[in-house]
Amino acid sequence: MTNVAQMPTSATGDVKYKRVLLKLSGEALMGDRDYGLDPQTVERVATEIKDVVAEGVEVCVVIGGGNIFRGVSGAAKGMDRSTADYMGMLATVINALAMQNALEKVGVQTRVQSAIPMSSVCEPYIRRRAIRHMEKGRVVIFGAGTGNPFFTTDSAAALRASEMQCNALIKGTKVDGVYDADPVKVPEAKRYDKLTYMDVLAQDLQVMDTSAISLARQSQIPILVFSIFNHGAFAEVVQGKGLFTLISD
Ligand code: UDP
């Protein structure tokens, strides 16, 4: 069977990863706010994505929903967990539409595909169609996580990256890699340049949840953790340059 990720693309220059999945938490789009979306932050992230698309890299995106609603918080307040998780998944679709809007404003063609079909709003998730969109240079934004409660958008990111046969799962965070403690709270926290999947699992490093790490390991997709707040960092990371932590075998 042809490995789609090895098929020729229009990628140019020093691009190391030809097809990537960018995972952003909902909080990455919140700016300085306590809740919801900060339009300027969304626009800024959109231009970072645009620069990577301009290099000929095929990009798909999974965005979380924690800036709007998290299932566990709802469940903690007495809601049925599955219902709360479905609300969380709908929150990710709101974020996906906001990112679609911002990307199209800067001239990037996009499609949103939702794991929970909502035909008036976006396409349903169809794997082969998503691959075709990326081959045509469109950014595909995957909404509604995996479509299943009791999962997270980290797992959705590892799942879609595996299905899309991405060359890398790139996680944009507030900091420039993985640390052994929160560097915002612990200034002497140690930063890692490289880790194995097993290091992350065994040391319980808070990078992505364990099911996401396990799936990335099984699919042999490297995870690169970088700061989405450093201007130009995403474009550097797809070239294997700049500051990031690489998680692989
Ligand atoms: N969610 C879910 N299944 C999925 C993905 C997400 O039930 O496959 C729900 C879950 O309630 C979660 C919420 O959507 O709390 C928002 O996703 P997540 O917490 O992963 O967002 P992030 O922390 O990345 O912003």
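Just follow the structure's listing: the first ligand is 1, and inside any ligand the first atom is 1.
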Quiz item: Does atom CG of Asp249 have more than 12 heavy-atom neighbours from other groups under 6.0 Å away?
Solution: yes
Residue, atom and distance of the protein heavy atom nearest atom 3 (N) of ligand 1 read Asn148 O, 2.7 Å
heavy-atom search around atom 5 (C) of ligand 1 in the protein gives Thr152 C, 3.3 Å
Notebook entry, point to check: Is the closest side-chain donor-acceptor distance between Asp199 and Thr196 under 3.5 Å?
Noted result: yes
A student comparing Gly143, Gly64, Ala144 should find that the heavy atom closest to atom 22 (P) of ligand 1 comes from Gly64
In ligand 1, the atoms that come under 4.0 Å of a heavy atom of Thr153 are 5 (C), 6 (C), 17 (O), 18 (P), 20 (O), 21 (O), 22 (P), 24 (O)
Among non-hydrogen protein atoms, atom 19 (O) of ligand 1 lies closest to Arg70 NH1, 3.1 Å
Looking only at protein heavy atoms, what sits closest to atom 12 (C) of ligand 1 is Gly71 N, 4.0 Å
Would you check the N or O atoms of Gly26, main chain and side chain alike, for any that come under 3.5 Å of an N or O of ligand 1?
yes
Residue, atom and distance of the protein heavy atom nearest atom 2 (C) of ligand 1 read Phe151 O, 3.1 Å
Ionic contact status for Glu58 with Arg19, cut-off 4.0 Å
yes
- Query: Under 4.0 angstrom from ligand 1, any heavy atom of Val72?
  - Reply: no
Ligand 1 to Lys23, heavy atom cutoff 4.0 Å, flagged ligand atoms 24 (O)
If we number the atoms of ligand 1 from 1 as shown, the ones under 4.0 Å from a heavy atom of Ser25 are 24 (O), 25 (O)
Check your understanding: Taking NZ, NE, NH1 and NH2 as the nitrogens, is one of them in Arg70 or Asp85 under 4.0 Å from a carboxylate oxygen of the other?
Key -> no
**Study point:** Heavy atoms from other residues, nucleotides or ligands near CD of Glu104 exceed 12 (cutoff 6.0 Å)
**Key:** yes
**Asked** Going by an N to O cut-off under 4.0 Å, is there a salt bridge joining Asp180 and Lys190?
**Response** no
### Neighbour count >12 (heavy atoms, 6.0 Å) for atom OH, Tyr125
yes
Review point. When you measure from the centre of the six-membered ring of Phe142, is the NZ or CZ of Arg111 under 6.0 Å away and within 45° of the axis?
Key: no
In this structure, does ligand 1 have an atom that sits under 4.0 Å from one of the heavy atoms of Met87? no
Taking only non-hydrogen atoms of Gly66 and a 4.0 Å limit, the atoms of ligand 1 in range are 21 (O), 22 (P), 25 (O)
Ligand 1 to Pro149, heavy atom cutoff 4.0 Å, flagged ligand atoms 7 (O)
Looking only at protein heavy atoms, what sits closest to atom 13 (C) of ligand 1 is Gly88 CA, 3.7 Å
To atom 8 (O) of ligand 1, the nearest of Thr92, Thr146, Leu24 on a heavy-atom basis is Thr146
query = Are side-chain heavy atoms of Phe226 and Leu22 found at a separation under 4.5 Å?
reply = yes
In short, Ala75 meets Arg81 closest at the heavy-atom pair CB-CD, 3.8 Å
heavy-atom search around atom 9 (C) of ligand 1 in the protein gives Asp85 O, 3.5 Å
Near Gly65 (heavy-atom distance under 4.0 Å), the atoms of ligand 1 are 16 (C), 17 (O), 21 (O), 22 (P), 25 (O)
> Is there a path of hydrophobic side-chain contacts, each under 4.5 Å between heavy atoms of I, L, V, M, F, W or Y residues, that connects Val207 with Leu159?
Replying inline: no
Check your understanding: Under a heavy-atom criterion of less than 4.0 Å, does Ala91 contact ligand 1?
Key -> no
Handout entry: Any donor-acceptor pair under 3.5 Å from Asn230 side chain to Ala233 backbone
Key = no
